[in-house]
Amino acid sequence: MKKLVIAYSGGLDTSYCAVSLSKQGYEVHAVSVNTGGFSSEEIKKIEENAYTMGVATYKNINAVTDYYSKVIKYLIFGNVLKNNTYPLSVSAERIIQAIEIVNYAKSIGASYIAHGSTGAGNDQVRFDMIFQTIAPEIEIITPIRDLQLSRQEEIEYLKSSGIDLSWEKAKYSVNKGLWGTSVGGEETLTSEQPLPEHAYPSQVTKVVPEQVKLSFVKGELVAINDDEKTPVQNIEQLNTLASKFGIGRDIHVGDTIVGIKGRVGFQAAAALITIKAHHLLEKHTLTKWQLQHKEYLASFYGMHLHEGQYLDPVMRDMEAFFTNSQAKVTGDVFVTLKPYHFTLDGIDSPHDLMNAKFGSYGELNKGWTAEDAKGFIKILGNQNKIYQQVNR
């Protein structure tokens with residue numbers, strides 16, 4: 001039989017693919033990748049569904065740690081928010097999922113790899129590009145995209161194959177991962193409507209403000225309220241704390257890889273708080289030129305990641321810059337959690353460049369004289385003065 005690996009989510013599209021490809025003579029091996037969004041019960045349910053669809057084997061790969069170390073860490077170092085809004089909650093994890101899936105396909109000697117993407121979204125680009133780059137010898141099969149199947153056609157096919165499960169489409173599609181949860185619904189298909197309160201994955205259960213201390217070492221979140229854990233555990237804990245306040249909700253409007261505009265709701269409490277707290281610490285510990293160059297590199301990094309260009313070596317170049325920039329980004333950031341928002345209260349760092357012994361902004365200078373200031377200002381404006389006088 002022809003050995004095939006399918007990126008299996010347990011939903012309608014990938015279930016259709018598993019059944020139809022098995023009937024076509026493929027030996028189907030289903031694999032799903034946990035990037036922080038699966039409970040053990042959910043994994044067990046996906047496995048049960050996979051075997052119901054007739055797959056030969058099912059495997060769940062836990063990639064949460066790799067997801068952090070290979071992607072999220074650099075999104076924090078770069079303070080990456082696409083369009084100044086979105087922490088790339090879904091697009092970032094798709095890259096890691098694609099890499100894990102194709103490497104698994106190679107490890108079992110599969111000649112084919114399938115996924116359930118349609119021809120209208122971003123994931124088809126990310127999956128295909130990663131698969132083609134890592135394993136160009138493996139043929140990619142995409143039944144939903146190629147046959148342009150409707151949801152009802154898929155359901156009728158599964159029923160005719162003896163599989164009559166409940167495939168009712170949820171009113172809101174939710175994709176949960178370590179770096180945030182995306183939420184799509186009828187409101188996000190148009191431009192004017194917000195998502196209702198109940199569409200978000202967690203509701204407000206705390207209203208009394210609460211201050212937390214986030215501790216960073218070389219840009220990585222190492223402790224919350226002096227409780228030292230791994231960065232992954234700290235992100236999970238911060239998300240639990242902040243989600244109770246309904247923090248981290250927004251709607252991202254962006255350009256898809258295939259050239260159309262799209263809206264998606266999300267709730268990413270830990271991601272937004274971590275990025276903003278980290279950025280505040282950088283404002284105190286980095287030079288203005290470090291901050292300036294990091295800003296435009298972060299924009300490029302986020303765009304390339306979103307567009308599926310993770311394997312381009314320029315990404316490793318930017319990651320090296322980000323890593324080097326974090327040498328002095330160590331200290332504590334004090335954040336107050338409130339209903340639906342948070343405030344950054346301040347920082348404490350041994351590398352704080354806002355050091356009183358050099359002077360206080362707008363108040364007192366200790367490192368230069370009045371004559372030094374006058375000479376500096378005169379020279380600083382020299383070229384502009386020359387230009388204006390020459391071109392009167």
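Any value given below was found using the heavy atoms of this structure, including those in side chains, with hydrogens, waters and symmetry copies removed. Bear in mind the structure is a predicted one, so any value in this text is a computation, not a measurement.
In this structure, the side chain of H293 does not engage the main chain of L291 through any donor-acceptor pair within 3.5 Å. Using a distance-only test at 3.5 Å, with no hydrogens or angles considered, a donor-acceptor pair links the side chain of N234 to the main chain of T230. A donor-acceptor contact shorter than 3.5 Å links the side chain of S89 to the backbone of W179. Side-chain atoms of T142 never come within 3.5 Å of backbone atoms of R145 as a donor-acceptor pair (strictly under, hydrogens ignored).
The pair E47-K44 does not meet the salt-bridge criterion, since no charged nitrogen lies less than 4.0 angstrom from a carboxylate oxygen. Salt bridge absent: D372 and K374 never bring a charged side-chain N and a carboxylate O closer than 4.0 Å. Between E210 and K206, at least one side-chain nitrogen of the basic residue sits less than 4.0 Å from a carboxylate oxygen of the acidic one, meeting the salt-bridge criterion. Between D255 and K82 there is no salt bridge, since no side-chain nitrogen of the basic residue lies less than 4.0 Å from a carboxylate oxygen of the acidic one. Taking 4.0 Å as the cut-off between side-chain N and carboxylate O, R263 and E192 do not count as a salt-bridged pair.
Counting non-hydrogen atoms of neighbouring residues, nucleotides and ligands closer than 6.0 angstrom, the CG atom of N84 reaches no more than 12 such neighbours. Within a 6.0 Å radius of OH in Y172, other residues, nucleotides and ligands contribute more than 12 heavy atoms. In this structure, K73 places its NZ atom where more than 12 heavy-atom neighbours from other residues, nucleotides or ligands lie under 6.0 Å away. More than 12 heavy atoms of other residues, nucleotides or ligands lie within 6.0 Å of CD in Q193, so this atom counts as buried by the packing criterion.
Between Y112 and Y26, a ring centre-to-centre spacing shorter than 6.0 Å is recorded.
Looking at heavy atoms from C-beta onward, E154 lies in side-chain contact with I144 at the 4.5 angstrom threshold. Two residues are said to be in side-chain contact when any heavy atoms from C-beta on lie closer than 4.5 Å; K288 and K283 fail this criterion. Proximity of L21 to L4: side-chain heavy atoms (C-beta onward) are separated by under 4.5 Å at one or more points. Taking 4.5 Å as the limit, every side-chain heavy atom of H341 sits out of range of all side-chain heavy atoms of I247. When side chains are defined from C-beta on, M53 counts as touching I163, because their heavy atoms get closer than 4.5 Å.
Under the 3.5 Å distance criterion, with hydrogens and angles disregarded, no donor-acceptor pair is assigned to the side chains of E282 and H284. Side-chain contact annotation: H278 with N79, donor-acceptor N/O pair under 3.5 Å present. Under 3.5 Å, the side chains of Y301 and E319 contain a donor-acceptor pair of N or O atoms. In the model, S161 has a side-chain atom that pairs as donor or acceptor with a side-chain atom of K23 under 3.5 Å. For the residue pair T323 / Q326, no side-chain donor-acceptor distance below 3.5 Å is found, with atom types taken as modelled. Counted by atom type alone, T336 and D345 present one or more donor-acceptor pairs between their side chains at under 3.5 Å. The closest side-chain donor-acceptor pair between S91 and H306, if any, does not fall under 3.5 angstrom.
Ring geometry for Y86 against H252 counts as parallel: the plane angle stays under 30°, on a 0 to 90° scale with 60° as the upper cut.
Taking the ring axis of F334 as reference, the NZ or CZ atom of K213 does not stay both within 45° of it and closer than 6.0 Å to the ring centre. Relative to the six-membered ring of F77, K218 misses at least one condition, a distance below 6.0 Å or an angle of at most 45° to the axis. R126 forms no cation-pi arrangement with F131, by the criterion of a distance under 6.0 Å to the ring centre and an angle within 45° of the ring axis.
Other members of the cluster containing M129 are V125, I257, V258, I260, with ILVMFWY side chains joined at under 4.5 Å, either directly or via other members. By the 4.5 Å side-chain criterion applied to Ile, Leu, Val, Met, Phe, Trp and Tyr, V390 is assigned to a cluster that also includes I386.
Note that CZ of F38 and CG of N60 are 6.5 Å apart. Values are rounded to the nearest 0.5 Å.
Tested against V90 for a side chain to side chain contact (heavy atoms under 4.5 Å, CB included), the candidates N175, T181, V264 yield a single pass: N175.
Closest of all the heavy-atom pairs between S117 and Q124 is OG-N, 3.7 Å.
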